[in-house]
Number of protein chains: 2
Amino acid sequence: MPRPKTIDRAAILGAALDVADADGVAAVSMHAVARRLAVTPMALYRHVANKADLLDGIVELLMAEIVQDVPAPGPAAGRDAWLDALVRTAGRARAVASRHPEAFTLLLSRPAASAAAREVRAHIHDLLRQAGVGGDHVERLERIVTTTVLGMAAGQASQRFAHHPPDMLDEDVRALATFVTAGIEPFRTP
Amino acid sequence: MPRPKTIDRAAILGAALDVADADGVAAVSMHAVARRLAVTPMALYRHVANKADLLDGIVELLMAEIVQDVPAPGPAAGRDAWLDALVRTAGRARAVASRHPEAFTLLLSRPAASAAAREVRAHIHDLLRQAGVGGDHVERLERIVTTTVLGMAAGQASQRFAHHPPDMLDEDVRALATFVTAGIEPFRTP
DNA sequence: ACCTGAACACCGTTCAAGT
DNA sequence: ACCTGAACACCGTTCAAGT
């Protein structure tokens with residue numbers, strides 16, 4: 001005779017992100033997450049494969065937060081709409097990083113194979129193609145741009161730039177945008 | 001009556017890196033490192049403050065490997081010697097990443113305050129100044145360039161780009177160099 | 001089908017004790 | 001000064017059992 005279900009994968013991942021936000025990634029454990037959900041650690045194993053899967057799930061959640069209502073052709077749909085869209089996506093990544101500074105590091109250390117992650121990648125591919133980047137360079141450049149943007153956001157959030165103000169200054173943001181835009185330039189063939 | 005010293009900080013950090021290389025960062029523990037050194041876990045606490053200090057020590061070691069005999073004005077000390085030197089430093093980072101794929105991730109998740117880390121930063125500052133980057137942009141750009149280069153190396157090493165060949169292809173390396181060089185361009189005032 | 005309970009080897013860190 | 005030993009609360013995961 002079946003039991004009523006008391007938790008599901010989404011609840012578990014949410015609780016895991018809560019633990020990471022509250023006490024850091026190191027504090028994310030099967031026991032701690034189970035405690036927060038008021039179940040036995042073993043109850044989690046029906047919904048996540050193991051701890052690695054749990055951490056990948058956090059990445060899944062962060063990616064989903066970044067991609068959330070992302071596309072929207074943008075106000076300036078003219079010449080450089082792609083640049084506008086790219087900057088907005090980067091801004092959203094920064095926002096997620098500052099909401100989840102502890103967890104954000106995971107984005108750079110684990111492969112992101114979730115639907116949301118593929119969606120973010122596909123979105124950047126689109127923007128690069130709109131910018132006139134040649135087909136064989138699109139994926140390569142997406143990796144580079146994504147690494148730079150996520151890496152900077154994670155660096156700020158995790159205090160890696162220790163001597164620096166913890167939030168990215170306007171001038172940092174402008175410099176990053178200038179750098180990325182100029183970096184893409186040689187690959188454009190309009 | 002004093003005892004002969006059987007381990008020191010360097011031996012501990014070396015053993016920690018060995019564990020990371022062999023079984024992954026997650027396997028680096030006070031117990032595991034102590035086991036490898038044939039001492040009690042508590043013996044480590046005389047030489048490292050705690051586990052966080054142990055992980056920071058690994059970062060210290062990786063930075064030292066990157067900086068090792070790095071400067072050397074370079075063969076082409078002419079116009080764009082700085083570019084040559086930058087590419088060589090990036091190449092060295094890649095080499096370290098492929099020797100220590102598991103540990104390399106730590107470089108992007110922890111502040112690097114060691115002497116070696118400061119040395120790497122100072123070296124990049126020099127190169128950027130040689131390139132004609134204005135004083136108030138030097139540190140900002142160093143953070144961006146370092147993040148991009150280390151992030152790409154870490155991404156390759158940790159299989160973050162899962163669908164991709166695990167070693168950076170020549171064309172990836174060329175594209176990264178082109179991107180960074182072009183990205184710096186707007187900040188130069190020669 | 002879904003959760004609990006007991007169990008195991010392992011972990012970070014403390015304190016007191018040995019040499 | 002430097003290491004050991006016992007101890008504690010905690011961790012990932014297995015297996016068998018309950019509903």
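Order of the sequence lines sets the chain letters (A, B, ...), proteins ahead of strands, with each chain counted from 1.
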key: Atom-pair distance (CG on B:D8; C1' on D:dC2), nearest Å   = 13 Å

inquiry  = Taking side chain to side chain contact (heavy atoms under 4.5 Å, CB included) as the definition, give me every residue that meets it alongside A:P41, ordered by chain and number, with sequence neighbours left out.
reply    = A:H31, A:A34

note = By side chain to side chain contact (heavy atoms under 4.5 Å, CB included), A:A27 pairs with (sequence neighbours left out) A:V19, A:D23

query = Under a 3.5 Å cutoff on both atom distances, Watson-Crick or G-U, what's the dot-bracket for DNA chain C ([ ] crossing, | other strand)?
reply = ||.|||||...|||||.||

message = Is there a side-chain contact between A:L141 and A:I144 in this structure, where contact means two heavy atoms from C-beta onward sitting under 4.5 Å apart?
response = yes

note = Those residues at least two apart in sequence (or on a different chain) that pass side chain to side chain contact (heavy atoms under 4.5 Å, CB included) with A:A16 are A:V28, A:V33, A:L54, A:I58

ask   = Under 4.0 Å between a side-chain N/O of A:R9 and OP1 or OP2 of C:dC2, yes or no?
value = no

request  = Go through residues 46-58 of chain A and report each residue with a non-hydrogen atom lying under 4.0 Å from DNA chain D, sorted by number.
outcome  = A:N50, A:K51

note = Applying side chain to side chain contact (heavy atoms under 4.5 Å, CB included) to B:L107 and not counting sequence neighbours gives B:V59, B:L62, B:M63, B:I66, B:F104, B:L150

key: Rounded distance in Å - CE (A:M30) to C1' (D:dC10)   = 15 Å

ask   = Can you list every side chain to side chain donor-acceptor pair (under 3.5 Å) pair that touches residues 44-62 of chain A, not counting sequence neighbours?
value = A:R9-A:D53, A:R9-A:E60, A:D56-A:R110

Restricting to nitrogen or oxygen on both sides, can you table the protein-nucleotides 5-8 of chain D pairs closer than 3.5 Å?
none

ask   = Below 4.0 angstrom from OP1 or OP2 of D:dC10, is there any side-chain N or O of A:S29?
value = no

Under 3.5 Å, which donor-acceptor pairs do the side chains of residues 169-183 of chain A form with other protein atoms, sequence neighbours left out?
unit_1 : atom_1 : unit_2 : atom_2 : d
A:D172 : OD1    : B:R140 : NH1    : 3.0
A:D172 : OD1    : B:R143 : NH1    : 3.4
A:D172 : OD2    : A:H164 : NE2    : 3.2
A:D172 : OD2    : A:L169 : N      : 3.2
A:T178 : OG1    : A:R174 : O      : 2.9
A:T181 : OG1    : A:A177 : O      : 2.6

Set of residues satisfying ring pair (Phe, Tyr, Trp, His ring centres under 6.0 Å) with respect to B:H137, sequence neighbours excluded = B:F187

key: Interatomic distance, A:L37 CG vs C:dT4 P [rounded to whole Å]   = 11 Å

request  = Starting at atom CD1 of B:I12, determine the distance to atom P of D:dC2, rounded to an integer number of angstrom.
outcome  = 12 Å

request  = State whether B:R99 and B:E65 are salt-bridged, where the test is any N-O pair (Lys NZ or Arg NE/NH1/NH2 against Asp/Glu carboxylate O) under 4.0 Å.
outcome  = yes

inquiry  = I'd like to check the salt bridge (Lys or Arg N to Asp or Glu O under 4.0 Å) partners of A:E102; sequence neighbours left out, ordered by chain and number.
reply    = none

Side-chain donor-acceptor pairs of residues 151-158 of chain B under 3.5 Å, sequence neighbours excluded:
unit_1 : atom_1 : unit_2 : atom_2 : d
B:Q156 : NE2    : B:P165 : O      : 3.4
B:S158 : OG     : B:A154 : O      : 3.0

task = Looking only at side-chain atoms of A:K5, point me to the closest of C:dC2, D:dT13, C:dC11.
result = C:dC2

key: Nucleotide of D:dT13, D:dC3, C:dC10 approaching B:I7 most closely (side-chain heavy atoms)   = D:dC3

